[in-house]
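Structure first, then comments.
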Amino acid sequence: MSKFTRLYLRVPQPTTGTELISLALVFNKVTGVYGLLAILTGYQLSLLQLSTYVYSIGVLGLLIFLIPHIRRQSPFECLALAWVYVLDAGINAAYTAAFGLDWYFHSTATDSDSRPSGLTNTVKESIEGLKKESAIHGKVVPQETAMSMIFIVAVTLIRVYFSFIVMAYARQSLQKYMQLMIMEGPGVDDYDGPFARDLPDGEGRRGRLGRLLVSFGRTYWLGHLEDNGWSGNNSRQRKANEPGTLAGEV
């Protein structure tokens, strides 16, 4: 984990911080289960609400599968968890913006207004509604809107920071595993790390997904080993030609 993360996170262990962040996301996604149960009561859900609840249940299932691997430092699962958290932060921000615009459109709509078929014209209508409310109530509405925006931005920034923490832990787990493979196993590949096609972790769907995950941000996931001369081909040559050096380092 980076010095920046260790300095500002202030947790006893990186594993603990990653587990707490993941558990917080679990509690957030449990709301999707209760949202779908609302259908049994006859409550009418919009398409946007239904998609949010179904998405939350899908992410919840992934978290239940991946969280036990945090303490095991499983490289593939920790890498997948990092990507799940990063993607969820972006998708959650998009849903928040969509719900905010939809809610604001309803709150500013009048009896004479007709709702558009979708969210295409929501931004325009919301701005017009904000102007009308400002003209009636003065500065109260802009201040309330500003406070809501500040709160949403603050929560989003916290999610972004947590994303860096989870990514740092996944990177640490991946690189520890690669160092172990270099010292005791067949080595790692320069380009795909432990998920190369000719390595045990690169076989089947798991290997293809692993190569896909490291293909985005390859320098971040694998750059540390390359900077220290621990690339795959070089490590294999070292094992063959300089056994004494590796034994001394171990």
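Just so you know, these numbers use all the heavy atoms, side chains as well, and skip hydrogens, waters and symmetry mates.
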Full working for side-chain contact (heavy atoms from CB on, under 4.5 Å) between Leu63 and Leu81:
CA-CA 7 Å; Leu63 291 173; Leu81 177 63; 3.7 Å; yes
Using side-chain contact (heavy atoms from CB on, under 4.5 Å), reason through Tyr85 and Met167 one step at a time and then give a plain yes or no.
CA-CA 9 Å; Tyr85 197 91; Met167 289 175 61; over 6 Å; no
Run Leu222 and Leu174 through side-chain contact (heavy atoms from CB on, under 4.5 Å) and show every step you take.
CA-CA 8 Å; Leu222 306 176; Leu174 179 63; 4.2 Å; yes
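In the hydrophobic clustering of ILVMFWY residues, with side-chain heavy atoms under 4.5 Å counting as a link, Leu180 and Phe76 come out apart. In the hydrophobic clustering of this structure, Tyr161 does not group with Ile152; members are Ile, Leu, Val, Met, Phe, Trp, Tyr whose side-chain heavy atoms approach within less than 4.5 Å, directly or through other members. By the rule that hydrophobic residues join a cluster once side-chain heavy atoms approach within less than 4.5 Å of another member, Val153 and Phe162 end up as members of separate clusters. Placement of Leu36 and Ile91 within a single hydrophobic cluster is found when ILVMFWY residues are connected by side-chain heavy-atom separations under 4.5 Å, directly or transitively.
A donor-acceptor contact closer than 3.5 angstrom links the side chains of Thr15 and Tyr169. Using a 3.5 Å distance cut-off with no hydrogens or angles, the side chains of Arg211 and Tyr191 do not pair a donor with an acceptor.
Applying the side chain to side chain donor-acceptor pair (under 3.5 Å) rule to pairs touching residues 28-41 yields Lys29-Asp88, sequence neighbours excluded.
Ile67 CD1 to Cys78 SG: the interatomic distance, rounded to the nearest 0.5 Å, is 11.0 Å. With rounding to the nearest 0.5 angstrom, the CD atom of Glu77 is 11.5 Å from the CG atom of Leu62. Between atom CE of residue Met181 and atom CG of residue Asp201 there is a gap of 5.5 Å, rounded to the nearest 0.5 Å. Note that OG of Ser22 is 8.5 Å distant from CG of Leu66, once rounded to the nearest 0.5 Å.
Side chains of Tyr53 and Ile57 form no contact here, defined as non-hydrogen atoms less than 4.5 Å apart. Residues Asp192 and Leu199 form no side-chain contact, since every pair of their non-hydrogen atoms from C-beta on lies 4.5 Å or further apart. Using a 4.5 Å heavy-atom threshold, the side chains of Tyr95 and Ser51 count as touching. The shortest distance between side-chain heavy atoms of Leu25 and Arg159 falls below 4.5 Å. Between Val155 and Phe151 the shortest side-chain heavy-atom distance falls below 4.5 Å. In this structure, Gln172 and Gln73 have side chains that are in contact, with non-hydrogen atoms separated by less than 4.5 Å.
Arg171 places a side-chain N or O within donor-acceptor distance of the main-chain N or O of Tyr220, the cut-off being under 3.5 Å.
Between Arg71 and Glu19 there is a salt bridge, since a side-chain N of the basic residue sits under 4.0 Å from a carboxylate O of the acidic one.
In this pair, Trp83 and Phe216 present their aromatic rings perpendicular. The plane angle is above 60°, beyond the 30 to 60° band.
Residue Arg206 qualifies as enclosed at atom CZ: its count of foreign heavy atoms under 6.0 Å is above 12.
With sequence neighbours excluded, no residue forms a salt bridge (Lys or Arg N to Asp or Glu O under 4.0 Å) with Arg208. Under the ring-ring contact (aromatic ring centres under 6.0 Å, His included) criterion, Tyr55 pairs with no residue, sequence neighbours left out.
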